[in-house]
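Accompanying notes for the structure given below.
Model, not experiment: these values are computed from the prediction.
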Amino acid sequence: MSGPRDGTAPTADWTLRPATASDVEAVAGLRAVVLRADLERLGRYDPRRVRQRLRDGFDPARTWVIEVGGAFAGCVALRPAADARRLEHFYLAPDLQGGGIGSGVLRELLGRCDRDGAVVRLNVLRGSPARRLYERHGFTLEAEDPVDVFMVREPLRPPRPPPAPRRRAGRT
């Protein structure tokens with residue numbers, strides 16, 4: 001997959017590739033960089049813990065690596081859950097944020113979920129600018145606690161085709 005698909009022009013072309021177990025350290029390092037400011041603001045930043053939590057939950061079978069120019073630029077995971085899919089570990093290198101890549105990746109994954117009729121859930125740190133990205137893509141507030149905001153997005157229904165013309169019964 002690569003972007004863009006909606007006519008917008010991000011700062012760079014991107015691709016998604018399936019993650020492998022060997023990607024875990026690059027993803028853990030990126031997570032520590034991307035979440036640092038928000039976790040510090042919330043008084044919860046621990047450089048060892050932020051990386052270990054990723055390692056403990058990393059599932060390469062449900063994760064894609066975002067590449068820009070053939071180089072590691074981020075990741076995203078989509079995990080099946082009982083009543084929805086969970087969007088997790090969506091991190092993009094800070095120097096690539098704000099150029100449309102994150103929106104393109106999100107559109108790609110949400111399009112898959114829409115085709116399957118799947119609800120998507122996620123959580124984002126309170127006060128994180130990423131919340132605006134999710135709201136632009138149809139996520140709404142479901143609940144919140146002192147640290148996290150929990151959001152949900154119902155699948156978009158494809159437009160219904162117009163009804164077929166009725167044939168009149170009659171003589172031929």
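Atom CE in M151 sits 11.5 Å away from atom NE2 in H137 (nearest 0.5 Å). Of the inter-residue distances, the one linking R131 atom CZ with N123 atom CG reads 12.0 Å to the nearest 0.5 angstrom. Taking OH of Y45 as the start and CZ of R36 as the end, the distance is 4.5 Å to the nearest 0.5 Å. Atom CZ of residue R153 and atom CG of residue L106 lie 8.0 Å apart, to the nearest 0.5 angstrom. To the nearest 0.5 Å, atom CG of residue L30 and atom CG of residue D23 are 11.5 Å apart. Interatomic distance, R112 CZ to R115 CZ, rounded to the nearest 0.5 Å: 7.5 Å.
Here the side chains of V105 and W64 are not in contact, with every heavy-atom distance at 4.5 Å or above. Between L133 and F139, every side-chain heavy-atom pair lies at or beyond the 4.5 Å cut-off. Using a 4.5 Å heavy-atom threshold, the side chains of D46 and Q52 count as separate. Here the side chains of L54 and V27 are in contact, with some heavy-atom distance below 4.5 Å.
Across every non-hydrogen atom of R126 and P146, the tightest pair is CD-O, 3.3 Å. The minimum heavy-atom distance between A81 and R86, with the atom names listed, is CB-CG, 3.9 Å. The shortest heavy-atom contact between L42 and V147 is CD1-O, 4.0 Å. Smallest separation of non-hydrogen atoms from A73 and L96: CB-CD1, 3.4 Å. In terms of heavy-atom proximity, L156 sits nearest to D114 at N-OD1, 3.0 Å. Nearest heavy atom pair, residue R41 against residue S128, reads NH2-N, 3.7 Å.
Counting heavy atoms of neighbouring residues, nucleotides and ligands inside a 6.0 Å radius, atom CZ of R53 does not exceed 12 of them. Shown here is R49, whose CZ atom has no more than 12 heavy atoms of other residues, nucleotides or ligands within 6.0 Å. Counting non-hydrogen atoms of other residues, nucleotides and ligands closer than 6.0 Å to CZ of R44 gives a total of 12 or fewer.
Follow the hydrophobic side-chain contacts under 4.5 Å out from L35 and you reach F72 in the same cluster. Under a hydrophobic clustering in which Ile, Leu, Val, Met, Phe, Trp and Tyr are joined whenever their side-chain heavy atoms come within less than 4.5 Å, directly or via other members, V50 and V33 fall into different clusters. At a threshold of 4.5 Å between side-chain heavy atoms, the hydrophobic network of Ile, Leu, Val, Met, Phe, Trp and Tyr places I101 and V65 in two separate groups. No single ILVMFWY cluster, assembled from side-chain heavy atoms under 4.5 Å apart, contains both V76 and L125. Cluster membership for F90 and W14, using ILVMFWY side-chain heavy atoms within less than 4.5 angstrom, is shared.
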(request) Let me see the working for L78 and C113 under side-chain contact (heavy atoms from CB on, under 4.5 Å), right down to the final yes or no. (result) CA-CA 10 Å; L78 194 60; C113 294; 3.7 Å; yes
(request) Verify side-chain contact (heavy atoms from CB on, under 4.5 Å) between I66 and Y91, making sure each step is shown before the conclusion. (result) CA-CA 9 Å; I66 304 164; Y91 311 120; over 6 Å; no
(request) Please test V120 against L110 for side-chain contact (heavy atoms from CB on, under 4.5 Å), starting from the C-alpha separation and ending with a verdict. (result) CA-CA 8 Å; V120 180; L110 293 175; 3.9 Å; yes
(message) Using side-chain contact (heavy atoms from CB on, under 4.5 Å), reason through V34 and L92 one step at a time and then give a plain yes or no.
(response) CA-CA 7 Å; V34 170; L92 186 62; over 6 Å; no
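Sorted by first and then second residue, the side chain to side chain donor-acceptor pair (under 3.5 Å) pairs with a member in residues 67-79 read R17-E67, R79-E88; sequence neighbours excluded.
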